[in-house]
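Structure first, commentary second.
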Number of protein chains: 2
Amino acid sequence: MESIDAIKRLAALAQDSRLAVFRQLVKAGKEGLAAGDIARSLGITPNTLSAQLTILTNAGLATSRRDGRSIIYAADYDAMSALLIYLTEDCCQGRPEVCAGLADVAGRAVCAR
Amino acid sequence: MESIDAIKRLAALAQDSRLAVFRQLVKAGKEGLAAGDIARSLGITPNTLSAQLTILTNAGLATSRRDGRSIIYAADYDAMSALLIYLTEDCCQGRPEVCAGLADVAGRAVCAR
DNA sequence: TCCATATTTCCATTATTATAGAATTATGGA
DNA sequence: TCCATAATTCTATAATAATGGAAATATGGA
């Protein structure tokens with residue numbers, strides 16, 4: 001992963017309502033959520049939300065598909081995984097001080113499958 | 001970790017020269033680097049770099065201490081670790097799709113100690 | 001076809017961020 | 001004390017991002 005792509009993803013997540021949107025998408029899973037439902041539940045106007053979803057999508061963190069009149073957005077888990085791996089390996093060079101706690105957390109999550 | 005702190009850290013890293021600074025600090029280890037050396041090696045004016053170091057420091061990602069005429073900056077590994085754990089656990093809810101590759105990377109890094 | 005719903009695009013406004021010149025502060029050495 | 005070096009703070013400017021009203025586009029149903 002290129003650092004410029006990492007920066008795009010970091011910037012996409014570095015804003016309160018976008019981070020909230022992304023969390024909702026993660027929670028919603030593969031089925032995803034309609035743009036309108038997200039806007040309603042977060043109290044964001046539809047046009048503003050649309051701009052934020054575009055930013056998340058351009059960063060690679062979300063995908064979209066049309067379903068009838070709605071557009072359904074879903075989190076891209078692979079992109080998020082790639083970002084975390086970039087931060088861990090490239091940016092932090094796998095330093096044990098950074099990785100130790102993370103290995104526990106990620107490992108536990110995988111084992112709980 | 002609060003989401004507002006995570007956003008601060010994400011924003012601090014979401015800019016090319018700040019990310020480059022942070023990478024250098026990680027590479028430099030606990031001893032850290034003098035502000036002037038960072039400015040020279042990255043070709044940033046000292047006042048601009050100072051502003052960026054302040055942002056990294058306020059986000060908790062760097063610490064500073066004076067040594068003679070120089071001010072030495074160092075990466076705060078704990079803060080970075082906390083951010084990665086936040087993104088993995090809180091934001092991504094430990095989803096295996098996100099965690100699997102990360103568990104490998106972080107685990108390998110820890111085992112290589 | 002006509003209408004309501006869902007979302008996006010266009011546009012303007014406001015707020016925030018990035019950058020660097022100039023001045024200031026702090027330290028160490030002659 | 002005086003000077004050179006290191007870094008920061010002050011200030012202004014330019015660039016980018018966030019927000020929302022209004023209009024446009026797309027879909028499904030009567």
Side-chain angles (χ1 to χ4, degrees), chain A residues 3-25 28 31-76, chain B residues 3-25 28 31-76:
Chain A
S3 87
I4 189 168
D5 297 313
I7 286 169
K8 246 189 182 174
R9 289 180 196 178
L10 290 166
L13 295 174
Q15 202 260 10
D16 55 358
S17 47
R18 278 200 304 270
L19 185 60
V21 169
F22 184 72
R23 277 160 152 289
Q24 284 213 352
L25 293 179
E31 306 153 52
L33 290 171
D37 291 337
I38 302 171
R40 261 183 299 281
S41 87
L42 294 179
I44 306 175
T45 62
N47 54 353
T48 297
L49 178 72
S50 182
Q52 289 170 337
L53 285 168
T54 299
I55 289 168
L56 285 169
T57 302
N58 285 340
L61 290 168
T63 58
S64 65
R65 65 192 153 86
R66 179 176 280 279
D67 177 22
R69 270 179 287 205
S70 296
I71 304 215
I72 309 293
Y73 284 87
D76 188 320
Chain B
S3 86
I4 190 167
D5 297 312
I7 287 169
K8 247 189 179 173
R9 289 180 195 178
L10 289 166
L13 296 174
Q15 202 260 10
D16 55 358
S17 46
R18 277 200 303 271
L19 186 60
V21 169
F22 185 71
R23 276 160 152 291
Q24 284 213 353
L25 293 179
E31 306 152 54
L33 290 171
D37 291 338
I38 302 172
R40 262 183 298 281
S41 88
L42 294 178
I44 306 174
T45 63
N47 54 354
T48 297
L49 178 71
S50 182
Q52 289 169 337
L53 285 168
T54 298
I55 289 168
L56 285 169
T57 302
N58 286 339
L61 291 168
T63 57
S64 65
R65 66 192 153 86
R66 180 175 280 278
D67 177 22
R69 270 180 287 206
S70 296
I71 304 215
I72 310 292
Y73 284 85
D76 188 320

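Sequence lines set the chain letters: A, B, ... in the order given, protein chains first and strands last, and positions in each chain run from 1. Just so we're clear, the structure is a prediction, and the values are computed from it rather than from any experiment.
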Query raised in the report: What parts of residues 60-76 of chain A reach DNA chain D, counting only heavy atoms under 4.0 Å away?
Result: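 Within this stretch, A:Arg66, A:Gly68, A:Arg69 sit under 4.0 Å of the strand.
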Any chance you could measure [X], atom [atom1], to [Y], atom [atom2], to the nearest 0.5 Å?
X       : Y       : atom1 : atom2 : answer
B:Ser3  : A:Leu13 : OG    : CG    : 11.5 Å
A:Ile4  : B:Leu19 : CD1   : CG    : 11.5 Å
A:Arg18 : B:Ile7  : CZ    : CD1   : 9.5 Å
A:Phe22 : A:Asp76 : CZ    : CG    : 8.0 Å
A:Lys8  : A:Leu61 : NZ    : CG    : 10.5 Å
A:Tyr73 : A:Leu56 : OH    : CG    : 9.5 Å

Query raised in the report: Roughly how many Å is it from CZ in B:Arg18 to C1' in C:dT19, rounded to a whole number?
Result: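 Whole-Å distance recorded here is 12 Å.
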Query raised in the report: What's the CG-P distance between A:Asp37 and C:dT5, to the nearest Å?
Result: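 Interatomic distance, CG of A:Asp37 to P of C:dT5: 15 Å.
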Report task. Considering only NZ, NE, NH1 and NH2 on the basic side and carboxylate oxygens on the acidic side, decide whether A:Asp37 and A:Arg40 come within less than 4.0 Å. Result ->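 Answer for the salt bridge query: yes.
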Query - Of residues 39-54 of chain B, the positions that come close to DNA chain C - non-hydrogen atoms, cut-off under 4.0 Å - result: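 Within residues 39-54 of chain B, the residues near DNA chain C are B:Thr45, B:Asn47, B:Thr48, B:Gln52.
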Is the shortest side-chain heavy-atom distance between [X] and [Y] below 4.5 Å?
X       : Y       : answer
A:Leu33 : A:Leu25 : yes
A:Ile72 : A:Ser70 : yes
A:Thr63 : A:Thr57 : no

**Report entry** Boundaries of the chain B footprint along DNA chain D (any atom under 4.0 Å from a heavy atom)
**Finding:**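 First and last nucleotides in contact are D:dA4 to D:dT9.
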Query raised in the report: When we call it a touch if two heavy atoms are under 4.0 Å apart, what does B:Ala11 touch: a base, just sugar-phosphate, or nothing?
Result: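 No contact.
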Query raised in the report: Given C:dT19, is OP1 or OP2 found less than 4.0 Å from the side-chain N or O atoms of B:Gln15?
Result: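 Yes, because at least one side-chain N or O of B:Gln15 sits under 4.0 Å from OP1 or OP2 of C:dT19.
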